[in-house]
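Worksheet: one structure, shown below.
Just the heavy atoms: all of them, side chains too, but no hydrogens, waters or symmetry mates, feed the values below. Proteins come first, then strands; the chains are lettered A, B, ... in the order of their sequence lines, and each starts at number 1.
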Amino acid sequence: MGSDSPERLNEGGRAVLAVEGLAVELGRRRVLEGVDLGVAAGELVTLVGPNGAGKTTLLRAALGLVKPVAGRVSVAGRDPAAGRAAVGYVPQRHEFAWDFPIAVADAVMTGLVGKLGLGRRPGRAEWQAVADALARVELAELADRPVGQLSGGQRQRVLVARALAPSPALLLADEPFTGLDLPTQGVLSALFRGLAREGRAVLMTTHDLLAALDGSDRLALLNRTLVAVGTPAELAARPQAWTEAFEVGPDSPLLRALAGAAATGTAAGAAVAV
Amino acid sequence: MSPIDFFYDLINPDLAFLPKALAVAVMSAVVCGVVGCHVVLRGMAFIGDAVAHAVFPGLAVAFVLAGNLVLGGIVAGVLTAVLVAVFSQNRRLKEDSVIGVFFVAAFALGVVVISRAPGYAGSLQQFLFGSITGIPDSDLWVVGLTGAATLATLFWLHKEFVATSLDRESARALGLPVFWLDLGLYVLVTLAVVISVQTIGNILVLALLVTPAATARLLTDRLAVMMVAAPLIGAGAALVGLYLSWSLDLPTGGVIVLLLTAAFVLVWASRLLPRRALAGPGRDSAGRGRAAARPRFHSEAIDLGGHT
């Protein structure tokens, strides 16, 4: 875990998100404790953990929506509240009012509301940013469609486009794969990977093992605190970290899936090596 | 009575209260129609109901002190809206419970206050069911200016209200002052209700707020279209309702609300007809009513699709 310390990333000046010794309490319950995590530009990091592990809370701390009781979070070297312009947030799909009578392009425009300031109307530059964001998620042809008519995968891409509209350096995505079929997950996974390759720092959460192992640069296993951080290959070889994070026994189907994924990963690696 | 006779009554100087009532009713309906779009889309009809009842003690106190009723209602309604917004911050209580607590309390206060006033029964009925007589000239100004200010504020903060309605968590993440926007919207609902209470009455005003917007929502998937259709529906019902109530000697508020309800049911039933019989949901209306800078996305593709 030493090689993943935020200090190292800070030295290089590349850590867009730096979390150090973070502790967060909701009510009197401590939901995060001693979390250290850095996400560098160009890197896709996936937070994996069971329900209630504190994944969403960690994202909310990065957004400056919850105050830490200990430790600190910085976005692009600044306090999260001050660094907001640098962050794009993709909430869980059910957070969005899909029955609202609004077209896709107008929904994406709401991602620029913070940047525009109170009462200011979007101009040509803002609509161009919306068009670019829609093109990036390959939804340009649905720009005029009411959001209520979209499929689950299209809705998820609308949320990504909305987060991308202000061209953020850091993209936070909460459970983007939940409730989507495997091909759609694949499309989105490729999208997030591509967004990271373009130089953004991407941090997403999931409790889907396959989605996490496929395409992340690093995984962070979270259950109140960080249980383990490493590349998918490194963590696939450490089943005890997963049983600890998910609080399951050695006969859990999770471990069989992990073993299967690790085997596939090795095969794929071998194929590439050949 | 024919509509022509109604027109002559409107310009008859002996019936000066009638054009005033018409002006107040139409202005109220327009403001309520626009504000109501937000109320309906956010699912905050209960807040509208609450505010409608909460303005009652303000009206009662203003009546007892012989002050301006509209101002009295605004003070009481805004005070209740603030209390609801503040108490809703408590995690253990949902907003609807907080609303339930305060609006009934406010209404009870109104009942107690007005019972101390002479002529209690008559004025109570006037508050509850509305009246087209006895609207002072000053109210025309208060209603007009309050309505204009309400609409101007809604227009000014349109994108903020929409962003907050769509997704509160993301709105917070974008740095929007969600608490203040909520409070602002409550205050706007209060203003819309207060200016309408005179003619429509305390109990029926909720219909002016909710029914036109709900009807417009059934008609379109476009927010801009909805926010134009709702005030038109409301104003039409106010005009026709006043005419019918005047010519048939029926209570104005009740007639307006029944007309609105009939329009809602008709539109709802017409949606059950085959889709082809109606205009599609705004295929060509996409770009209208928006800022001029808004480009049309792929309209050519859609139009070509229509020809093939």
Side-chain angles (χ1 to χ4, degrees), chain A residues 26-27 56 59-60 62-65 80-81 84-85 87-92 95-107 109-116 118-128 130-131 134 140-149 159 162-163 166 172 174, chain B residues 37-38 40-43 91-92 152-153 155-178 180-181 184 213 216-227 281-287 290-299 301-302 305:
Chain A
L26 296 181
T56 301
L59 295 190
R60 298 190 78 222
L63 289 165
L65 295 179
R84 257 179 198 140
V87 186
Y89 175 52
V90 183
Q92 295 187 31
E95 298 278 349
F96 190 96
W98 296 104
D99 55 351
F100 202 90
I102 192 169
V104 167
D106 293 316
M109 177 56 81
T110 62
L112 292 165
V113 162
K115 220 171 199 177
L116 271 169
L118 280 188
R120 272 200 48 215
R121 310 246 140 209
R124 208 166 289 279
E126 284 76 29
W127 285 116
Q128 188 56 49
V130 168
L134 280 173
E141 69 277 15
L142 297 183
D144 281 332
R145 179 88 49 99
V147 292
Q149 295 178 11
L159 295 183
R162 183 179 63 162
L172 302 172
D174 199 1
Chain B
C37 289
H38 286 283
V40 164
L41 292 175
R42 275 214 190 180
R91 292 174 145 273
R92 288 194 186 177
T153 310
F155 184 74
W156 177 52
L157 292 175
H158 178 76
K159 71 180 197 310
E160 283 78 11
F161 284 134
V162 169
T164 311
S165 297
L166 278 178
D167 174 356
R168 302 172 71 75
E169 187 73 350
S170 296
R172 284 199 192 93
L174 288 167
L176 289 184
V178 170
W180 294 106
L181 286 168
R217 179 66 185 97
L218 288 177
L219 285 170
T220 180
D221 268 335
R222 304 282 169 188
L223 182 58
V225 178
M226 184 178 166
M227 294 186 92
R283 191 186 78 176
D284 195 34
S285 58
R290 288 201 185 99
R294 164 76 151 88
R296 299 296 308 276
F297 290 90
H298 294 266
S299 55
I302 292 168

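For the pair Pro101(A)/Leu41(B), a side-chain contact is recorded, criterion being any heavy-atom separation below 4.5 Å from C-beta on. Taking the side chain as every heavy atom from C-beta outward, Tyr89(A) and Leu174(B) never approach each other to under 4.5 Å.
Interface residue Arg217(B): only side-chain heavy atoms are found under 4.5 Å from chain A. When heavy atoms are compared at a cutoff of 4.5 Å, Leu157(B) approaches chain A solely by way of its side chain, counted from C-beta outward. Only the side chain of Leu65(A) comes within contact range of chain B, judged by heavy atoms closer than 4.5 Å.
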Let's go through Gln92(A) and Glu169(B) carefully: what are the C-alpha distance in whole Å and the side-chain angles of both, what is the deciding distance for side chain to side chain contact (heavy atoms under 4.5 Å, CB included) to 0.1 Å, and is it a yes or a no? CA-CA 10 Å; Gln92(A) 295 187 31; Glu169(B) 187 73 350; over 6 Å; no
So Arg121(A) and His158(B), side chain to side chain contact (heavy atoms under 4.5 Å, CB included) or not? Walk me through it. CA-CA 9 Å; Arg121(A) 310 246 140 209; His158(B) 178 76; 4.2 Å; yes
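Taking each heavy atom of Ala173(B) and Arg84(A) in turn, the nearest pair found is O-CD, 3.0 Å. Contact record, Ala107(A) with Leu166(B): CA-CD1, 4.5 Å, taken as the closest heavy-atom pair. Contact between Leu118(A) and Trp156(B) at its shortest, heavy atoms only, is O-NE1, 4.3 Å. A pairwise comparison of heavy atoms in Ser165(B) and Ala97(A) identifies O-CB, 3.8 Å as the closest pair.
For the atom pair OG1 of Thr110(A) and CG of Asp167(B), the computed distance is 7.5 Å after rounding to the nearest 0.5 Å. Between Asp106(A) atom CG and Lys159(B) atom NZ the span is 13.0 Å, to the nearest 0.5 Å.
Every residue two or more places apart in sequence or in another chain was checked for a salt bridge (charged side-chain N to carboxylate O under 4.0 Å, His left out) with Arg145(A), and none qualifies. In terms of the salt bridge (charged side-chain N to carboxylate O under 4.0 Å, His left out) criterion, Glu126(A) has no residue partners (sequence neighbours excluded).
In terms of non-hydrogen atom pairs under 4.5 Å with chain B, the most contact-rich of Gly114(A), Gly111(A), Gly119(A) is Gly119(A). If you tally non-hydrogen atom pairs under 4.5 Å between each of Cys37(B), Ala171(B), Ala163(B), Pro177(B) and chain A, the highest count goes to Ala163(B).
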